[in-house]
Asks: 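Next up is a structure, given as structure tokens.
The figures here come from the full heavy-atom set of this structure, side chains too, leaving out hydrogens, waters and symmetry mates.
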Amino acid sequence: MDAILTNSQAELAADFQMKEIQVRYNSQIGLLKIQSVKYAQRTPELGGSYLQAAKDIMHRSLFFYVSTGFVLSEEGFYFSAMEN
């Protein structure tokens with residue numbers, strides 16, 4: 001007899017692990033960007049242009065506003081309404 005409900009624990013665990021790896025990678029990139037800006041602030045010979053460029057990169061990547069609709073769309077919320 002086939003099971004009525006499927007057990008998707010393995011799929012959920014694999015999905016969680018992949019997302020955890022992505023979060024860890026993005027956190028490391030963010031930390032490197034912050035350290036780069038701090039290094040530029042402590043080193044006067046790098047010049048103001050490098051410091052401004054580093055701050056712009058940090059603001060564009062770390063403080064970028066993303067709408068909730070975009071996040072839901074990227075996660076597939078609108079594509080599988082019956083599974084939500």
Asks: Suppose we screen for side chain to side chain contact (heavy atoms under 4.5 Å, CB included). Which residues come up paired with Glu20, at least two apart in sequence or across chains?
Replies: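 With neighbours one apart ignored, the set is Phe16, Arg24.
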
Asks: Residues in side chain to side chain contact (heavy atoms under 4.5 Å, CB included) with Gln35, at least two apart?
Replies: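 Here the qualifying residues are Leu31, Leu32.
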
Asks: With sequence neighbours excluded, what pairs up with Ser8 under the side chain to side chain contact (heavy atoms under 4.5 Å, CB included) test?
Replies: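 Side chain to side chain contact (heavy atoms under 4.5 Å, CB included) list for Ser8, sorted by chain: Glu11, Leu12.
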
Asks: List, by chain and number, the other hydrophobic cluster members for Tyr25, where Ile, Leu, Val, Met, Phe, Trp and Tyr join if side-chain heavy atoms come within less than 4.5 Å, directly or indirectly.
Replies: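 Reading the cluster by chain and number, Tyr25 sits alongside Ile29.
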
